[in-house]
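Letters A, B, ... are given to chains in the order of the sequence lines, protein chains preceding strands, and every chain is numbered from 1.
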Amino acid sequence: MYSDEHKRFLKKEKWYCLSVIFVQIFILIFLLALWQVAANFGWINTFITSSPKMVVETTLHLVKENNLFYHIGVTIYETIISFSLGTLLGLLIASIMWWNPFVRKVIDPYLTVLNSLPKVALGPIIIVWCGAQMKSIILMALLISVIVMTMSVIESFEGVDENKVKLMQVLGAKKMQIFFKLILPSSYKPIISALKIGVSMSLIGVIMGEFLVSKAGVGYLIMYGSQVFNLNLVVSGIMILAILSWMMYSLVYTIEKRLTR
Amino acid sequence: MNSILKIKNLKKIYHTKKSETLAVSDFSYNLKENEFVSIVGPSGCGKSTILSILSGSLEKSEGSIAKKDSITFGYMLQDDCLFDFRTILENCLLGLEINRKCTKENKEYVISLLEKYGLKDFMDSYPKNLSGGMRQRVALIRTLALKPDILLLDEPFCALDYQSRLKVSEDVLKILRMEKKSAIMVTHNLEEALTMSDTVIVLSSRPSHIKNIYKLDFDKNLSALEKKKTDAFLDYYNLIWKDIDSHV
């Protein structure tokens, strides 16, 4: 079916992909092995650096004794809630801003300040207002994700070709029709793509919140570990978090691919 | 023939924070039924402004535009403005949807137009699969779907390459003649203006007023190419060129 040249080309491409994956795995294994060897030979102090073996043991211990999956569940739950609320609110605020240019102009400096302000600084206030409970954590994450969502959605709304808006007006469209027939469908892809940022931002917010106040969650495990100087626990928490965030991102990425095919 | 549109002493001033600009100082014209008028002039002279005012997307400063209520406009822009998330048919039905006129009859009319102009096979494709010329024809059908009496064409073939430009302008003219529409076209291409229109209006540079009006006297049966070969074509071309050139 294909020419020999094309077959050679496909083979080359396949080898290229495989070698990328191979090197990626190799680096991971090499670093872990180096870490373990350094720990075994006493090159590093495992009390402050931990070691792969200790991380695995601590993780297994967490599963058995401390209900690891409960902590992961809490973190995921908080992330999902703040992510969905942030997405919906972001869409709503951006829509209002698009709808009313006056509101958009007025709100603009406030949004810029809020966007550049490190939201963790608001943590103490949030704790005082909402108490040391899950509500505070969700609010924290919500604050971060909602601003990012609003900014990217309004940007895509305003990026719609002006000529197309003019066309809609000339055809006699009302503002509502312009929004639902042109603006929203045109922004479909950028919005889906903003969700990827949204989910990462929510997770950042949740972990920040869990650092400040919490009785459960992966962020709580890391914080607790550092307070009792159990670095094994801290490193295990970070590893779990890395896997968790990678999984959430991949999930949204897969959904994006599916939806924008 | 009766006038279907009377434009009298049209004037437009643009306002910005820093200054005001008089774009159109005085424009009057009576458009007749089935007449094809081209407006030419130096660039930036406010040609498009006049169309925007007629279409209702821009407010006039002074003057009057008189027409019967039953007379409607269709507006076609430089850019085909097809929505890439809608199929060709859905794009053509946009105006009908907006005006809640998406009846079975109107839909069939649109499909018949698509069929007549060789786009029926692409009805369910998306705009990205069509060539520039085809897209422009789709844009025209979208405009015709609302059965407007007067078409406003704002440099409609500007985005096309030379070859498709000739082809599509011929197509569009044929379509307009077949559907018996009047049209006002803004263009900076003199050849196009001369081969397509019954009348050419030459505007002065800004603030624009009418410099000259040429009633073209070609044999109706000549094709664009044949028109270009006549002596009259060259004469008109030179006259209009002089009008525009003296203003640059």
Asks: Walk me through it: do A:Lys166 and B:Cys81 pass the test side chain to side chain contact (heavy atoms under 4.5 Å, CB included)?
Replies: CA-CA 10 Å; A:Lys166 189 174 171 190; B:Cys81 284; over 6 Å; no
Asks: Which answer fits B:Ser52, side chain, backbone, both or neither, if we ask what part of it has an atom under 4.5 Å from a heavy atom of chain A?
Replies: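 The side chain, not the backbone.
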Asks: Would the number of heavy atoms belonging to other residues, nucleotides or ligands and lying under 6.0 Å from OH of B:Tyr14 be above 12?
Replies: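 Above 12, so yes.
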Asks: Pick one of side chain, backbone, both or neither for B:Leu82, based on which atoms fall under 4.5 Å of a heavy atom in chain A.
Replies: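 The backbone, not the side chain.
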Asks: Above 12 or not: heavy atoms from other molecules or residues under 6.0 Å from NZ of B:Lys8?
Replies: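 12 or below, so no.
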Asks: Give the member of A:Gln169, A:Lys189, A:Lys164 that has the highest number of heavy-atom pairs under 4.5 Å with chain B.
Replies: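 Option with the greatest count: A:Lys164.
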Asks: Please look at A:Leu182 and chain B and tell me whether the side chain, the backbone, both or neither of the residue comes under 4.5 angstrom of a heavy atom of that chain.
Replies: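 Both parts, backbone and side chain.
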Asks: With a 4.5 angstrom heavy-atom cut-off, is it the side chain or the backbone of A:Asp161 that approaches chain B, or both, or neither?
Replies: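 Contact with chain B: side chain only.
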Asks: Got more than 12 heavy atoms from elsewhere within 6.0 Å of OH, A:Tyr253?
Replies: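 Not buried by this count: 12 neighbours or fewer within 6.0 Å.
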Asks: Taking the side chain as every heavy atom from C-beta outward, state whether B:Leu77 and A:Val170 have any pair of such atoms under 4.5 Å apart.
Replies: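 Counting from C-beta outward, B:Leu77 and A:Val170 never come under 4.5 Å.
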Asks: Would you check if A:Lys181 and B:Arg86 make a side-chain contact, meaning some heavy-atom pair closer than 4.5 Å?
Replies: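 Yes. Closest side-chain heavy atoms under 4.5 Å.
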Asks: Could you tell me the separation between the CD1 atom of A:Ile178 and the CD1 atom of B:Ile98, rounded to the nearest 0.5 Å?
Replies: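 The CD1 atom of B:Ile98 is 7.5 Å from CD1 of A:Ile178, to the nearest 0.5 Å.
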Asks: Sort out for me which of B:Phe73, B:Tyr75, B:Phe83 touches chain A most, counting heavy-atom pairs under 4.5 Å.
Replies: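 Among B:Phe73, B:Tyr75, B:Phe83, the one with the most close pairs to chain A is B:Phe83.
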Asks: Is the CZ atom of A:Phe179 crowded by more than 12 outside heavy atoms at less than 6.0 Å?
Replies: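 Counting neighbours around CZ of A:Phe179, more than 12 heavy atoms of other residues, nucleotides or ligands fall under 6.0 Å, so yes.
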Asks: State whether the number of non-hydrogen atoms from other residues, nucleotides or ligands found under 6.0 Å of A:Gln133 atom CD is greater than 12.
Replies: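 Yes - once you tally the heavy atoms of other residues, nucleotides and ligands closer than 6.0 Å, there are more than 12.
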Asks: Heavy-atom count check: over 12 atoms from other residues, nucleotides or ligands less than 6.0 Å from B:Lys6 NZ?
Replies: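 Count not over threshold, so no.
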